[in-house]
Amino acid sequence: MKGKIPDYYEQFSCIGSRCRDNCCIGWEIDIDQEALNFYRRTKGDMAERLAEGISMEPVPHFRTDERGRCVFLNQENLCDLYLNLGEETLCEICTNHPRFFHDCGGIQEKGLGIACEEAARLILNRTGMVRFLDYGPSSCDETVSFLLSVRENMINILQNRSIKIEKRMAQILEYGWQAQQWLNSSQPVSKDWIFSEEKERFLTLSSDESRKFWLSFYEDLDVMDEQWSKILHEAKLRSEGASFAEDPFWEQLCIYFMFRHLTAASEDFNLYGKVQFCVLSCLIIGWILDIYPEKEQDKKRLETAKQYSKEIEYSEENLQTVWEELLFNS
C-alpha cells in the first residue's frame with residue numbers, strides 16, 4: 001500500500017494577520033541549521049536584528065518578547081523576515097507549520113495539524129466525508145503495510161453514518177483490540193472479522209472513573225497555557241460525561257487523530273494504544289465541552305480541539321507520556 005494525503009491538504013492557506021491565535025505567539029520556534037547559516041550570512045538592515053533576535057541556547061531559536069511574541073512578528077501580526085527577506089528564507093518550522101509529514105517503512109504522508117485555527121476549521125467544519133489520496137511510494141515494510149490496511153478499515157468504520165458516532169468509536173476500539181492480536185501473532189488483516197455489539201472497551205474508557213483519572217493525568221502533564229490546566233480541572237469537577245451529537249465534527253476529529261497517529265505503532269507495536277488515544281482525545285475534548293452551556297458548545301469546539309492539539313500533539317514529551325500510560329493500561 002501507498003501512503004496517503006487528505007483531500008483538503010492543498011486547500012490550506014495561511015490567513016496571516018487575520019489569525020486570532022497566531023502561531024508566532026506562545027511558541028519557542030527552533031531554527032534549523034540551513035536557515036541559521038543563511039541568517040548568519042545576511043547583510044544590511046536585517047543583519048543586526050537577526051543577531052539580536054536569535055538565541056543559541058539550548059538550541060538555536062527566535063527570541064520572544066515579554067508577551068511571548070516572536071521578536072520578528074510586527075504589530076500587524078506579520079513576519080518581518082518574510083516581508084524583508086522572502087518566504088524562501090524562513091526556517092523549516094515556519095515554512096511547514098501546520099503541515100506534518102510521515103516517513104516510515106518506505107511510505108511518505110502529509111497532513112495538517114489542528115493546532116492551527118485555519119487548518120482546524122478546514123478539517124473539522126466540513127460536512128462531507130474526507131477522502132485520502134495515494135501519495136508517494138508503496139510500503140516495503142510488512143508492519144507498516146499492516147497498519148495502513150487497519151487504518152483504512154477504521155476510517156471506513158468511522159465514516160459509516162448509518163450508525164451513531166459513539167457506536168463507531170466503540171467498534172474501532174473492538175477492531176483495534178483484535179488487530180493488535182493479529183499484529184502480535186504476525187497474522188494478516190482478516191477480511192472475515194465480524195463486528196460484535198460489544199461496547200465494553202468504550203464504556204470503560206468513557207466511564208466516570210476513567211474521566212476523573214484521565215483529566216487528572218492530563219493536568220499533570222507539561223502545560224503551555226495555564227488556562228488549559230484550569231479548564232481540565234473544571235472538567236474534572238463539573239463534567240458529567242461527554243455526549244457526542246450526531247454531527248460530522250466528531251467523525252472528522254476522530255479520523256484526524258487516526259490518520260495522524262496510528263502509523264506510530266510501527267515503532268512501539270502498540271496499535272491498540274494508538275486507537276485508544278484517538279478515542280480518548282475525543283473524550284477529553286467532549287468532557288471539556290461539557291462544562292459549557294449547551295448553546296455555547298458549538299462555538300467552543302474548534303477552540304478546544306485546537307488547544308488540545310497544541311498542548312498534547314505539539315509536545316513530544318506529553319504525547320509520549322500519554323502513549324506510555326495507554327500501553328500500561330492496555
Stepwise salt bridge (Lys or Arg N to Asp or Glu O under 4.0 Å) test for E109 and R151: CA-CA 13 Å; E109 296 189 318; R151 188 182 66 181; 2.5 Å; yes
Which atom pair, heavy atoms only, marks the closest approach of [X] to [Y]?
X: M1; Y: S149; value: SD-OG, 3.2 Å
X: V130; Y: Q159; value: O-NE2, 2.9 Å
X: K306; Y: A115; value: CG-O, 3.2 Å
X: I29; Y: C24; value: CD1-CA, 4.3 Å
X: Y175; Y: V189; value: OH-CG1, 3.4 Å
X: Y256; Y: S309; value: OH-OG, 4.1 Å

Taking [X] for its side chain and [Y] for its backbone only, find out whether a donor-acceptor pair lies under 3.5 Å.
X: R40; Y: L50; answer: no
X: N96; Y: R99; answer: no
X: Q252; Y: R126; answer: yes
X: E92; Y: D32; answer: no
X: S266; Y: T263; answer: yes
X: D134; Y: K2; answer: no

Any donor-acceptor N or O pair under 3.5 Å, side chains [X], [Y]:
X: Y272; Y: Q178; result: no
X: Q187; Y: S185; result: yes
X: S139; Y: D141; result: no
X: R69; Y: N77; result: yes
X: D222; Y: N318; result: no
X: N184; Y: Q180; result: yes
X: Y308; Y: Y218; result: yes
X: E316; Y: Q320; result: yes

Once you round to the nearest 0.5 Å, how far does [atom1] of [X] lie from [atom2] of [Y]?
X: L319; Y: E311; atom1: CG; atom2: CD; answer: 13.0 Å
X: F213; Y: K236; atom1: CZ; atom2: NZ; answer: 11.5 Å
X: L232; Y: L237; atom1: CG; atom2: CG; answer: 11.0 Å
X: R201; Y: K199; atom1: CZ; atom2: NZ; answer: 14.5 Å
X: T89; Y: M46; atom1: OG1; atom2: CE; answer: 8.5 Å
X: I291; Y: T304; atom1: CD1; atom2: OG1; answer: 8.0 Å

Any Lys/Arg nitrogen of [X] or [Y] sitting under 4.0 Å from an Asp/Glu carboxylate oxygen of the other?
X: R168; Y: E246; value: yes
X: D290; Y: R238; value: no
X: K310; Y: D225; value: no
X: E118; Y: R121; value: yes

K300 to Y292 six-membered ring, cation-pi geometry met (6.0 Å, 45°): yes
Aromatic Y314 / basic R260 pairing, under 6.0 angstrom, 45° off normal: yes
Crowding at CD, Q227 (>12 non-hydrogen neighbours, <6.0 Å): yes
Heavy-atom side-chain proximity of L85 to F38 below 4.5 angstrom: yes
Note, L83 side chain near N74 side chain (heavy atom, < 4.5 Å): yes
Ring geometry between W323 and H261 (parallel below 30°, tilted from 30 to 60°, perpendicular above 60°): perpendicular
Geometric class of the F202/F244 ring pair [parallel <30°, tilted 30-60°, perpendicular >60°]: tilted
Evaluation steps, side chain to side chain contact (heavy atoms under 4.5 Å, CB included), between L283 and W214: CA-CA 10 Å; L283 286 168; W214 282 110; over 6 Å; no
[X], [Y]: one ILVMFWY side-chain cluster at the under-4.5 Å cut-off?
X: F101; Y: L148; answer: no
X: L122; Y: L133; answer: yes
X: I163; Y: I165; answer: no
X: W250; Y: L302; answer: yes

Residue pair M129, I255: steps toward the side chain to side chain contact (heavy atoms under 4.5 Å, CB included) verdict: CA-CA 10 Å; M129 295 182 186; I255 288 173; over 6 Å; no
Among L253, I285, D247, the one residue meeting side-chain contact (heavy atoms from CB on, under 4.5 Å) with R301: D247
Sole candidate of D30, I93, L81 that passes side-chain contact (heavy atoms from CB on, under 4.5 Å) when paired with F62: L81
Working for side chain to side chain donor-acceptor pair (under 3.5 Å), residues Q33 and N37: CA-CA 6 Å; Q33 191 61 50; N37 292 341; 2.8 Å; yes
